[in-house]
Amino acid sequence: MGYVTNKTIDSGQKGGDKMKKIGILVEDLFNEQELYYPYHRLREEYEVILLGTKKDVEYTSKAGLSIKSELATKDIKAEELEGLVIPGGYSPDYMRRCEDTVKLVQELDKMKKPIAAICHGPWVLASSCDLKGKKVTSFYSIKDDVIHCGATWVDEEVVRDGHIITSRTPKDLPEFMKEFIKAIEE
């Protein structure tokens, strides 16, 4: 089994500016590619915090790889984050069962901070955000879930509607991350 740690950046400095903090949600049965790719890509420029439903818990992916949360979603405020990534797999179904996770996503949504959800990640959006009139995509099997929330579902590589960024599958990760980073930097 693999294990990834994210060392906290003590100085919080990059080029004289405080580093932007990005959260990535984690729960059991996450999709490895949809968590590890954003995790490492975002660490190139930002401080990344792995947010579980519980702190310091090793969560296991669909393939048996594990990663440890650094904080519980109840331990961070939306004001502290510049954006959030919601990986897919089956983990979003567990994420949305946690009241603190739903509350964090709701607060980020109210603040219009970038929220990126891939694959089954829009399940969390369906439980946390007002998707009425929003254009989104997802893995095709949860298409009905987002439509029933009032969203317009489209089969596209990446969809951005305001501060909400969505994609379908791991093959969409490059464009998904480009669009999320663009939203963070605006």
Side-chain angles (χ1 to χ4, degrees), residues 1-10 12 14 19-73 75-76 80-98 101 104-105 108 113-125 128 136-142 156-160 164-185:
M1 282 194 206
Y3 179 73
V4 176
T5 61
N6 179 18
K7 296 179 182 170
T8 303
I9 301 168
D10 294 327
K14 184 168 181 152
M19 288 189 77
K20 294 178 180 179
K21 290 182 186 178
I22 308 295
I24 298 180
L25 295 182
V26 61
E27 242 298 352
D28 282 328
L29 298 176
F30 63 89
N31 177 287
E32 303 79 16
Q33 294 176 64
E34 294 166 358
L35 189 140
Y36 292 127
Y37 183 101
Y39 175 81
H40 290 296
R41 174 60 188 96
L42 292 168
R43 285 184 60 222
E44 293 175 9
E45 299 294 328
Y46 310 106
E47 180 179 353
V48 178
I49 304 166
L50 294 168
L51 302 169
T53 52
K54 296 180 182 173
K55 179 181 178 178
D56 293 326
V57 170
E58 278 198 42
Y59 292 100
T60 306
S61 74
K62 291 177 5 180
L65 299 174
S66 63
I67 195 164
K68 190 174 186 179
S69 63
E70 295 169 294
L71 291 175
T73 49
D75 297 330
I76 194 159
E80 298 176 64
L81 297 173
E82 294 300 317
L84 183 74
V85 175
I86 306 169
Y90 298 113
S91 61
D93 193 33
Y94 294 108
M95 293 171 188
R96 67 185 182 160
R97 297 177 197 185
C98 175
T101 300
L104 177 65
V105 177
L108 288 163
K113 291 195 176 185
I115 302 170
I118 188 167
C119 190
H120 287 72
W123 265 343
V124 177
L125 301 178
S128 306
V136 300
T137 194
S138 66
F139 190 66
Y140 72 91
S141 70
I142 69 164
E156 295 178 14
E157 186 174 50
V158 64
V159 175
R160 180 173 176 190
I164 304 287
I165 298 110
T166 52
S167 281
R168 304 166 301 188
T169 67
K171 71 178 182 172
D172 300 330
L173 280 163
E175 293 306 315
F176 176 70
M177 291 311 302
K178 285 177 194 172
E179 195 62 41
F180 179 66
I181 290 168
K182 182 178 167 185
I184 292 294
E185 293 302 321

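When all heavy atoms are compared, the tightest approach of A116 to F176 is CB-CZ, 3.4 Å. Between E70 and I49, the shortest heavy-atom distance links the atoms OE1-CA, 3.3 Å. Nearest heavy-atom pair across S69 and G52 is CB-N, 3.6 Å. Considering every non-hydrogen atom in both D28 and T60, the closest pair reads OD1-N, 2.8 Å. Counting all heavy atoms, side chain and backbone alike, C119 lies closest to I142 at O-CD1, 3.6 Å. Residue T137 comes nearest to P122 through the heavy atom pair O-CG, 3.6 Å, listed as atom of the first residue, atom of the second, then distance.
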Run the side chain to side chain contact (heavy atoms under 4.5 Å, CB included) check on I67 and E58 step by step: do they pass? CA-CA 5 Å; I67 195 164; E58 278 198 42; over 6 Å; no
Go through the steps to decide whether S141 and H120 satisfy the test side chain to side chain contact (heavy atoms under 4.5 Å, CB included), and finish with yes or no. CA-CA 8 Å; S141 70; H120 287 72; 3.4 Å; yes
List the steps and the verdict of side chain to side chain contact (heavy atoms under 4.5 Å, CB included) for I181 and L42. CA-CA 8 Å; I181 290 168; L42 292 168; 3.9 Å; yes
If you apply the rule side chain to side chain contact (heavy atoms under 4.5 Å, CB included), what do you find for R168 with F139, and how did you get there? CA-CA 5 Å; R168 304 166 301 188; F139 190 66; 5.8 Å; no
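Atoms OG and CD1, from S128 and I115 in turn, are 8.0 Å apart once rounded to the nearest 0.5 Å. Atom CG of L71 is separated from atom NZ of K54 by 15.5 Å, given to the nearest 0.5 angstrom. With values rounded to the nearest 0.5 angstrom, M95 atom CE is found 10.0 Å from L29 atom CG. For the atom pair T169 OG1 and N31 CG, the distance stands at 9.0 Å (nearest 0.5 Å). Interatomic distance, CE of M177 versus CD1 of I165, reported as 9.5 Å (0.5 Å rounding). Here CD1 of I164 is found 10.5 Å from CZ of F180. Values are rounded to the nearest 0.5 Å.
Looking at residues two or more places apart in sequence or on another chain, you find no ring-ring contact (aromatic ring centres under 6.0 Å, His included) involving Y37.
A salt bridge between R160 and E179 is present, with a side-chain N of the basic residue lying under 4.0 Å from a carboxylate O of the acidic one. Salt-bridge formation is not detected for the pair K182/E185: no Lys NZ or Arg NE/NH1/NH2 atom is positioned less than 4.0 Å from an Asp or Glu carboxylate oxygen. Using a 4.0 Å cut-off between charged side-chain N and carboxylate O, K171 and E157 make no salt bridge.
Taking 4.5 Å as the limit, every side-chain heavy atom of K68 sits out of range of all side-chain heavy atoms of V57. Contact annotation: the side chain of F30 approaches that of Y36 to within less than 4.5 Å [non-hydrogen atoms, C-beta and beyond].
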When the side chains of residues 80-93 are checked against the rest of the protein, which donor-acceptor pairs come out under 3.5 Å, sequence neighbours left out?
residue, atom, partner, partner atom, Å
E80, OE2, K77, N, 2.9
S91, OG, G88, O, 3.2
D93, OD1, R96, NE, 3.2
D93, OD1, R96, NH2, 3.3
D93, OD2, R97, NH2, 2.7

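In this structure, the side chain of T166 does not engage the main chain of V136 through any donor-acceptor pair within 3.5 Å.
When the shell of 6.0 Å around NZ of K113 is examined, it contains more than 12 heavy atoms from other residues, nucleotides or ligands.
Between S61 and E32, the side chains place a donor N or O and an acceptor N or O closer than 3.5 Å (distance only, hydrogens not considered). T53 and Y59 share a side-chain donor-acceptor pair at under 3.5 Å.
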